[in-house]
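To start, the structure itself, in structure tokens.
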Amino acid sequence: MIWGVYLITATILAKTTSITAQVLQPLPPIMFSEMNGTMILDYGMELPIWGYGLMADGYITLPGPLLEYETGDNVNLVFSNPSPESHTIHLHGLDVNQANDGVPTTSFLVVTGQNGAYNFTASNPGTFLYHCHVTTTLHLTMGMYGMILVRHPDGTLFEGGPTYHSDAPLLFSDLEIATNLAPVQSYPFHDIRPDYFMVNGLSGSQLDSGPSILSCPFGSQLALRLGSMAYTRTRLIFPPSLNATCWMSDGRPVPTPFSADTLDIFPGERFTVLITPPSTSFDGTIEVQYWDMLNSQHVGSNFIRFRDASLATPPALTPPSIIISPNPAHNSITIPASIPWTVFDLSGRQLLSGHSSSIDISSLATGNYVLRTSGGSTPFVKY
Amino acid sequence: MKRPVFIKLTSIMVLAHCIACTTAIAQNTIWINTGEWMQSADTMPALRFNSTAVFDTVNTFFNAPENAGWELTVINTDSVAHNFTINTSQTFTENIPAGEEVTFEVPALLFGTYRYYSSDERGEVLGLSGLIKVGIDSDLQFHWNLADWMPSRMDSAQAGTPIDWDSGYIPKYFSINSHTYPNTANDPLGTVTMNLGDTCLISIVNGGFMEHVLHFHGFHVEILSATVQTSRVGWTKDTLPIHKGEGLTLLLVAAQAGVYPVHNHNLVAVTNAGFYPGGMLTMITVQP
């Protein structure tokens, strides 16, 4: 696999004259796509994903890598697709021309085994997104998206805008576990019901470990770069003491910056919000709610921790001790020890209970469930 | 007594000349008509506000003057009473009994785009919802009347049986001016076609039962009016939420040539009966 990546990289270098001509300069990142990745859900379950990655890394992630530019950059974004299906990169919000828009019917496809390049000027600073525009209802849902951050070069948000300490990109998204487990069975696409909700691809307790904890020194401002690739409407609830102020939306300054203690972000929207810790001892959370847009129902929440930078970063959480195998499973699952357990559905109804290490789940309907023990809760999938 | 106090456009006129509103036919009578709306394998019962007594799947729209009331006659050909409602700072409602004709004064409105509709259950579910453009006198103007449709609820409304509002809402179709993609691309009222450097105004109402969000490829647009998100007037965006019942007026400058999609970014809504692409997806074409 590693050799394969190097060979593909070498091929691109050989074919892309604009890169080989600048051999002494830092190479711009080369993107690739794959359809055989996995992500680890909260509490340990592995889930198949499709996604983007950097050639230099050799693996895909959900979301894809953050692409960072400066205002005015002329970008040549090289994209290689060794995956089994065609893909594109739609540069959401950058107002690129038709040829580089990443829409199969009006732009170009990057078919299996081929490379493509997107050329554009990052004319405006701000927060943008990218995603595959091939059968978007499936490819994006499977994880083919990421964030683009265009910084203004003088350290302000935009020309004449406020200065700030640092950026915190926060990409909100969701997925339907059953779709990722069986994408070829995901039709009908009008009935996708997300049941897992993420911030930068993480959820629940995963957000309460080192790298996911936001921090900023007292007296300075953190720029939250907020974007949504979800099916749900995302609602952020900031503690009022953070003085959250919205300065930009969709890569443009808002005419009048406004206090944003509650901020709704619809699918595809972006905002830039400045927050500041109210004291050197501040350690609080920002709630992220996910609202079903069809029925206006609150369907999930996450919590982002924000602390003053002087506080030590807490250690990463210990992985859960209860591991279910196999997961997904059809007839039975096994846990490491014979301990009391209970199986619930996602509505909280108790369906099974027992204390053996082997659990018969043949009576359960296909779907998502939670196994609860004294050690915590672990989701599993019955197929 | 009826008198033509406002300007109203018809589809025929727009086809002939998109959109010479200043020379449009003056008309102040509309009909509530019954008919059917066909999509994929579904034939759904439908109600529409039309400019003639003949059923048309597309609700009619009005170009009304700013800050001036106008007289309107509504003829209800349905066997059930409906109403003519506008949500402004104060809701305006006029009842239209079954089989009857009612003439009334529509209140003066400020510049912008407004939804008019029938707020009764049968009327809303079967599609009695259109838009009023107020004070919009651009030579280039288009509009998108957004709606979402759940056939089982429509069948209940048609049969007069109770609608199951408690079960989850899972609409099967998503339309712009009663068209779903790819037919949206042939809609003279909604398919934006302009020349490089032109400026147009786009009026949008959300006549559906859920929130929608439209994303523009290739362009940012300026929000000129909004009936719900009033604090966003003056913002420049590429992705725009439209709340239930809301009206928006957008300014689009054709800054680059090409063909660019505009679509709902809640991906369930770019489907027809579950198939992609479909639904709320249309195109902007800018000639060089």
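To find a chain, count down the sequence lines: A is the first, B the second, and so on, and within it residues start at 1.
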Check your understanding: Among B:L240, B:V259, B:V233, who wins on heavy-atom pairs under 4.5 Å with chain A?
Key -> B:V259

**Study point:** Axial cation check for B:W235 ring with A:R252, 6.0 Å and 45° limits
**Key:** no

Review point. Is it the backbone or the side chain of A:Y231 that comes under 4.5 Å from a heavy atom of chain B, or both, or neither?
Key: both

Check your understanding: Using non-hydrogen atoms only, which part of A:D264 is less than 4.5 Å away from chain B: side chain, backbone, both, or neither?
Key -> backbone

Review point. Will you find, in the side chains of A:D95 and B:H220, an N or O donor that is under 3.5 Å from an N or O acceptor?
Key: yes

Practice item. Check each atom of A:T136 against the heavy atoms of chain B and say whether the ones under 4.5 Å are side chain, backbone, both or neither. Key: both

Practice item. Evaluate ring pair (Phe, Tyr, Trp, His ring centres under 6.0 Å) for A:Y130 paired with A:Y118, printing each intermediate quantity in order. Key: CA-CA 12 Å; A:Y130 65 89; A:Y118 296 90; over 10 Å; no

Practice item. Look at the aromatic rings of A:F158 and A:W247 and report parallel, tilted or perpendicular, splitting at 30° and 60°. Key: tilted

Check your understanding: By a 4.5 Å heavy-atom criterion (distance strictly below it), what part of A:V103 contacts chain B: side chain, backbone, both, or neither?
Key -> side chain

Review point. Do the numbers put B:K237 on top of the ring of A:F271, so that NZ or CZ is under 6.0 Å from the six-membered ring centre and no more than 45° off the axis?
Key: yes

Practice item. Heavy-atom distances under 4.5 Å only: say whether A:S296 touches chain B with side chain, backbone, both or neither. Key: side chain

Revision key, fill the gap. Chain B shares the most heavy-atom pairs under 4.5 Å, among A:T106, A:T137, A:D292, with A:T137

Review point. So among A:N124, A:L157, A:T71, which one has a side-chain contact (heavy atoms from CB on, under 4.5 Å) with A:H152?
Key: A:T71

Review point. Based on non-hydrogen pairs under 4.5 Å, which of A:T105, A:I192, A:D191, A:L91 is most in contact with chain B?
Key: A:D191

Between side-chain atoms of residues 204-219 of chain B and protein atoms elsewhere (two or more places apart, or another chain), which donor-acceptor pairs fall under 3.5 Å?
unit_1, atom_1, unit_2, atom_2, d
B:N206, OD1, B:G208, N, 2.8
B:N206, ND2, B:M210, O, 2.9
B:N206, ND2, B:I242, O, 2.9
B:N206, ND2, B:H243, O, 3.3
B:E211, OE1, A:R233, NE, 3.1
B:E211, OE2, A:R233, NE, 3.1
B:E211, OE2, A:R233, NH2, 3.3
B:H212, ND1, B:N264, ND2, 2.9
B:H212, NE2, B:D148, OD2, 2.7
B:H215, ND1, B:D238, O, 3.2
B:H215, ND1, B:D238, OD1, 3.3
B:H215, ND1, B:T239, OG1, 3.1
B:H215, NE2, A:H90, NE2, 3.3
B:H215, NE2, A:H92, ND1, 3.4
B:H217, ND1, A:D101, OD1, 3.3
B:H217, ND1, A:D101, OD2, 2.8
B:H217, NE2, A:H133, NE2, 3.3
B:H217, NE2, B:H263, NE2, 3.2

Exercise for review: Please determine, among B:G278, B:P261, B:P171, the option with the most heavy-atom pairs under 4.5 Å with chain A.
Suggested key: B:P171

Review point. Under a 4.5 Å heavy-atom cut-off, does chain B meet the side chain of A:N97, its backbone, both or neither?
Key: both

